[in-house]
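Chain A is the first sequence line, chain B the second, and so forth, proteins listed ahead of strands; every chain is numbered from 1. Every heavy atom of this structure was used, including side-chain atoms; hydrogens, water molecules and symmetry mates were not.
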Amino acid sequence: MIADLRVFDDEFVPPDLLHRENEIEQLLRRFTTRHPAESDVLISGPSGVGKTVLARTAVDHLETQTDVTRVFVDSLGKTTGGILRAMLEQLPRGPNEVAQTLPTRDVCREIREAITSETIVVLDEGDDLPQTNAVGELLAMANVTVVVIAHDGTDWLSRLDVTDGHRLDQGHLELGRYGVDELADILERRARQGLHGEPVSRAQLEAIADEVAGVARHGIQSLRSAAVLARERGHRRVRDRDVDDSYEHARHRIRKLNLSSLPFHHQVLYAIIHEAEELSASELHDRYDAVSGDIYAGSPPQPLGERARREKLSKLAEYDLIDYDGPTRDRLYWVIDSDVEPLLELPGRMPLE
DNA sequence: ACTCCACAGGAAGGATTGGGCA
DNA sequence: TGCCCAATCCTTCCTGTGGAGT
């Protein structure tokens, strides 16, 4: 039944993008404007509605028609220097690797030197960009068109420097969720590309589209899960039961991938929260202090202070792995899916009392 | 109403890291 | 090899928040 699971990957760019024709046209119009300062774009919208794939499709299309150079940078967690270095490394005439310690102004100079033709840079996961100078530096470069992808466009613009913000506000494209029919069309196309013999019915695809409320990423992942579950269970076609179970299966898989992408400190904190079903900040810190001696023994990373732990906790929450509630004082933390096992074993718990 | 408390998260500065260079 | 420099990560210090105690 399963022909090619890569079709369901986030990175997969379909040959043509359904139900975003107007948006693609809008982007291409803006990219080809005669006024360089009017070509920059901010693409905003909720998670999983196809912001990245839209940008890719439009920019790829442009590349086939003009001699524009395109660069994609994942901005998540990167500093100004990190973003600019990633861009420089991807330029055709740029170096393959740039030293982390190269001063940012030198990186900018080298980017200018490496750019020979019109260049489009797509800054994906750009929510934290206003805290850096990267957007300003790039907007200041001639021959560079900036495309930023972020969740809340209005909030993003308000946090950016006013003149830069104005420029991107002019080219602000807000994407909404797909309608049920639209998303079902998209899923139908993916099913045809990734599965043999049409094993999923239109009604099932519509059920998925409805359940995920128009969020394409969740829909595509659920479709993948439904096919995987059907195969595991020896079904020749996807059954409704497989679809019903696919939502949680898909969310579970995404969380596992999220967890495994995080570094050591986050793993320690996740393991502690996972071990207790629910715990307060002070319990969390006590447990951390109790186990950190063993956990960090002989390893280069050293135990974190409480302030740094808070940063890691918000990252875990951002990755949909933990959640918390309550006012600052009585806040409780818990893991969202206790079936997502920690990758790290904690030393045995001391008996309480 | 006030003060206290526990905590979150911003700002500033220090320690560490690693490339460049004499 | 040792020094310099910039980036990064973390700590320290601090302010803000909202419930609890008086």
Sugar-phosphate only, base, or nothing, as touched by T79(A) at under 4.0 Å among non-hydrogen atoms: sugar-phosphate
Terminal contacting nucleotides, 5' and 3', DNA chain C versus chain A (heavy atom, 4.0 Å): dA6(C) to dG19(C)
Touch class at under 4.0 angstrom, heavy-atom based, for K312(A) against every strand present: sugar-phosphate
Spacing of R85(A) atom CZ relative to dG18(B) atom C1', expressed in whole Å: 12 Å
Euclidean distance, atom CD of residue E311(A) to atom C1' of dG9(B) [Å, nearest integer]: 7 Å
Sugar-phosphate only, base, or nothing, as touched by P303(A) at under 4.0 Å among non-hydrogen atoms: sugar-phosphate
For atom CD1 of I322(A) and atom P of dA8(B), their distance in whole Å: 10 Å
For the student: nearest non-hydrogen atoms of H249(A) and S225(A), plus distance: ND1-OG, 2.8 Å
Phosphate-side-chain proximity, S282(A) and dC7(B), N/O vs OP1/OP2 below 4.0 Å: yes
Separation of dG19(B) C1' from E89(A) CD (nearest whole Å): 14 Å
R310(A) vs dA8(B): side-chain N/O to OP1/OP2 distance below 4.0 Å: yes
Nearest non-hydrogen partners of Y288(A) and L304(A), listed with the distance: OH-N, 3.0 Å
Salt-bridge present (E206(A), R202(A); N to O < 4.0 Å): yes
Distance, nearest 0.5 Å, that separates CG of D325(A) from CG of D330(A): 11.0 Å
Ring geometry between Y296(A) and H265(A) (parallel below 30°, tilted from 30 to 60°, perpendicular above 60°): tilted
Carboxylate-amine/guanidinium proximity below 4.0 Å for E311(A) and R307(A): yes
Nearest-angstrom distance from the residue atom CG of D330(A) to C1' of dA8(B): 13 Å
Distance in angstrom units between L279(A) CG and dA6(B) C1', rounded: 15 Å
Phosphate OP1/OP2 of dA8(B) contacted by Y333(A) side-chain N/O (<4.0 Å): yes
Given DNA chain B, 5'-ward residue of the pair R307(A) and S280(A), judged by closest heavy atom: S280(A)
Going by atom type alone, with no hydrogens or angles, which donor-acceptor pairs under 3.5 Å involve a side-chain atom of residues 331-340 of chain A and a protein atom two or more places apart or on another chain?
from	atom 1	to	atom 2	distance (Å)
D337(A)	OD1	D339(A)	N	2.9
D337(A)	OD2	H252(A)	ND1	2.9

Atom pair distance, as rounded to whole Å: CG in L313(A) and C1' in dG9(B): 12 Å
